Each structure stands twice: as C-alpha cells, then as structure tokens.
Amino acid sequence: MVRTPCPLLLLLLLLLLPLLHLSAATPEPCEIDDDDVRCVCNFTDPEPEWSSALQCMSALEVEIHGGGRSLQQFVRFADTNPKEYVDLVKALRLRRLTVGTAQVPAPLLVAILRGFGSSRLRELTLKDLEVTGMMPLPPLDNIGPALSTLSLHNVSWATGDAWLAKLQQWLKPGLRELSVAQSHSLAFRCADLRTFSSLRTLDLSDNPALGERGLAAALCPNKFPVLQELTLRNAGMETPSGVCAALAAAGVKPQHLDLSHNSLRSVTQGAPACIWPSTLSSLNLSFAGLEQVPQGLPAELSVLDLSCNRLHRMPRPEELPKVTSLTLDGNPFLEPDASKYQEVPNSGVVPASACSALALGMSGTVVLLQGAGALA
C-alpha cells in the first residue's frame, strides 16, 4: 500500500521510495529553476500533490508553503528513526530551507529538526506558522542541525514564553544569527535558556509591541556574551537612553546598534544618565522622526546615521558625538543639492538616496513588502 507523502521536505525523504506517488494529470505545485539551485512549493490545492516536493531534492535552497492547513495527519511519521535515512540526508545539497503557512504539531517540527541533524542545512526560516502542542524533550544524541542562521517570522508557540529554550534544545551549538519578527512572545524564560555562545547578530525588528521593557526581558543577562550586532527596527523603542539602560541591565555590548524606523523622542525627562557600551561603534537613528539630536549619545562613535529625520537645522558640534562618518541627508534643513554638503568641511557627511515620508516608522522589510504588493 502506498502512503500519502507529507508536505515537508524531510518527511518526504524519510520514506522516499514507499512514498513515491506521482500523477501526470495533476499540476505539480513545486518548481525548480534551471540551475537546480532554488525550488519553491506552494501547496494551496485542496488535495495537494505532496510528492511534487521530491524534485526539490537536488536544490540548494527550498521553500515549502503549506497553504495554511494543519499538518496533524503527518504526526505518525514523527517517530521514524533518523538512522534509517542518514545516508540519504547527508547526500542532500540543501543549505537553506523555508517552511511556512501551516499549523505544525510540535512533535512533527522536532522530527524535521532531528532528521536534518546529519545534513548540510545551515539556514532555516519558519514563517507564518502555528506550532501546536508541547515540544518533547530532546534525546541525548541525534538532535537537530548545526544552523548558522535561524529566522522566525510570525510564528506562534503553544509553549508560550518557553518556546525559545525548547527550540534551542533541538539545535546544535554554533548559531551565529537569530531573527525573530512579529513574535507573539519575546519575554523569554531566561533561567531555562542556554547561553548563545556563538551568536553575533540578533534581529528583533518588526515587533512594535516590544518596547524598552520588553527588550530588557528579551535580552537575558549573560546569554549573549559575544553579540556584535543588535537590530531593533520598528520595535517600539522610545528613546536611545531607554535602549542604553536595557543594554546595561543585560550586560549586552554590541558594536552595531540599529534603532531606525522607531518613533524616538530626543530625551526622557528625569531619566538618569546611561553609560553606553564602550564597544559601540555604529548607531543607526534614521527614519526615527527626530526633530533634534538626542541627548546622551555615545561620545565616541565611528558611524552615526541621522538621515531621514525632521531636523530643521544643522546640528551644533556640541550636540554631536565625535564620529568619522555622519549621515544627515533627508532632513528638512538640507536642500537636495550637493553644494549643501560642502558647507560642512570635513564633516564626514555621506549623501544617500531620498527618503520617503511613507517609510517613517516602518522597517525596511515592511516597506519592501508593501512595494512588492503594489507592483503585483
């Protein structure tokens, strides 16, 4: 008896031969490019031809979208022993995988992770997913892949605030980049979270409800010891000094901080002075609605971006940190002609593209998506 294959690439591979079920009369929902590099599957048909995903086996990058349906029917495959197909998984060229638009039982998700434990998969994106049920405890061996990049966009978890700690248990150490957007919960259970000993980049953009208190809860103390880049576009930040306080409380010392696309105030009345991390060399305050330079900025910066704000005059020297690269274009006091830049000798001001008023307060990702929608 031929079983119906599951919609996710791994589970198609688990039982590759017995699940082979192709139909020439049914349009295939998966398409692979001529170079066998990228394969995209959209299972939107009421009775999808899941086995079409088999053609993605030779691809380096795979996207699989489940059409918003529940994948509960495939939980029976979750107990398959990864040792039965380890040679097949090792032979895959797959480096980047995106799984989206589905309701995924937690045991099925961890089966996918465990199955890719012996693969060359390095970048995983989960997008528009609802993970149902509790995450099982990982075994002593045969855990998930050695990812370098993990991106989570609009993923909800039945495990609530414990979701990151539970997910972390199924990944090998060594994660270097973590992006969490449109999250339902960023108040992590710090006591259960392991140290991200290799994480260099943390992106919490497009979480407008996060705010500075939420940031302090998300930046668990001593869990991000080597973090170099922190991105907080459109994340509900209110003042640079409030972000500084959150960094100080968590002991996080990034080199690059992006606070663009937040509606920032220049100063918080009555707030105590905050000492910025000495490591901070680059600060992005573009698209922040600023009418004046915020007070209490780091005294020594290499790069400061104040472009696309509402500055009505040239900032005074005492208002600015000593930087080697200062970007001020897109503010009302600057005319769109190059001679204006010449009025500030040796300022390091860098011209850039024109600013869109519609982009103010939104991250670059959101703006790009809206632009793509307008062209569709």
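If you're wondering where the values come from, they're calculated on a predicted model, not measured in any experiment.
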So, do [X] and [Y] sit near enough that their side-chain heavy atoms are less than 4.5 Å apart?
X	Y	result
Leu97	Thr125	no
Gln169	Pro138	yes
Val293	Leu306	yes
Val243	Leu259	yes
Arg200	Glu177	no
Leu328	Pro315	yes
Ile143	Leu113	no
Leu320	Val323	no

(Q) Does anything in residues 210-260 form a ring pair (Phe, Tyr, Trp, His ring centres under 6.0 Å)? List the pairs, not counting sequence neighbours. (A) Phe196-Phe224
(Q) Once ring pair (Phe, Tyr, Trp, His ring centres under 6.0 Å) is applied, what residue pairs with a partner in residues 296-315 remain, sequence neighbours excluded? (A) none
For [X], all residues meeting side chain to side chain donor-acceptor pair (under 3.5 Å), sequence neighbours excluded:
X	result
Glu63	Arg38, His65
Arg313	Glu319
Gln228	none
Asp192	none

Decide whether [X] and [Y] are clustered together by the hydrophobic rule: side chain heavy atoms of Ile, Leu, Val, Met, Phe, Trp, Tyr closer than 4.5 Å, transitively.
X	Y	result
Leu54	Leu88	yes
Val86	Leu171	no
Leu264	Val303	no

Q) Under the salt bridge (charged side-chain N to carboxylate O under 4.0 Å, His left out) test, which residues partner Asp305, sequence neighbours left out? A) none
Taking [X] for the side chain and [Y] for the main chain, is one N or O donor matched with an acceptor at less than 3.5 Å?
X	Y	value
Arg95	Arg93	yes
Asp36	Ser58	no
Thr159	Ala162	no

Q: Measure the OG-CD distance between Ser278 and Gln255 for me, rounded to the nearest 0.5 Å.
A: 10.0 Å
**Q.** Between CD on residue Glu61 and CZ on residue Arg96, distance to nearest 0.5 Å
**A.** 4.5 Å
Q.
Taking atom NZ as the centre, does Lys223 end up with more than 12 heavy-atom neighbours from other residues, nucleotides or ligands that are less than 6.0 angstrom away?
A. yes
(Q) Is it the case that over 12 heavy atoms from other parts of the model lie below 6.0 angstrom from the CG atom of Asn222? (A) no
Q. Hey, would you say the Trp170 and Phe116 ring centroids sit under 6.0 Å apart?
A. no
Q) Any chance the SGs on Cys56 and Cys30 are under 2.5 Å from each other? A) no
**Q.** Cys220 and Cys190 SG atoms under 2.5 angstrom apart
**A.** yes
Sequence-distant partners of [X], side chain to side chain contact (heavy atoms under 4.5 Å, CB included), two or more places apart:
X	answer
Pro225	Thr195
Ala250	Leu219, Val252
Ala235	Leu210, Leu232, Met237, Asn262

Polar contact flag, side-chain donor to acceptor under 3.5 angstrom, [X]-[Y]:
X	Y	value
Ser307	Asp329	no
Ser205	Asp203	yes
Glu49	Ser51	yes
Asn331	Asn309	no

Q.
Between Glu300 and Lys322, does the side chain to side chain contact (heavy atoms under 4.5 Å, CB included) criterion hold? Intermediate values first, please.
A. CA-CA 6 Å; Glu300 300 291 339; Lys322 298 177 181 179; 4.3 Å; yes
Q: Output all residues satisfying ring pair (Phe, Tyr, Trp, His ring centres under 6.0 Å) with Trp157, sequence neighbours left out; order by chain, then residue number.
A: Trp163
Q.
For Arg233, is there an ion pair with Asp258 - N to carboxylate O distance below 4.0 angstrom?
A. yes
Q. Would Leu227 and Lys253 count as a side chain to side chain contact (heavy atoms under 4.5 Å, CB included) if you check the C-alpha gap in whole Å, the side-chain angles of each, and the deciding distance to 0.1 Å?
A. CA-CA 7 Å; Leu227 191 67; Lys253 300 177 180 180; over 6 Å; no
Can you give each donor-acceptor pair under 3.5 Å made by side-chain atoms of residues 144-155, sequence neighbours left out, with the distance rounded to 0.1 Å?
unit_1 : atom_1 : unit_2 : atom_2 : d
Ser148 : OG     : Arg122 : O      : 3.2
Asn154 : OD1    : His184 : NE2    : 3.4
Asn154 : ND2    : Asp128 : OD1    : 2.9

Q: Kindly indicate, with the supporting measurements, whether the criterion side chain to side chain contact (heavy atoms under 4.5 Å, CB included) is fulfilled by Leu301 and Leu304.
A: CA-CA 7 Å; Leu301 283 175; Leu304 176 61; 4.2 Å; yes
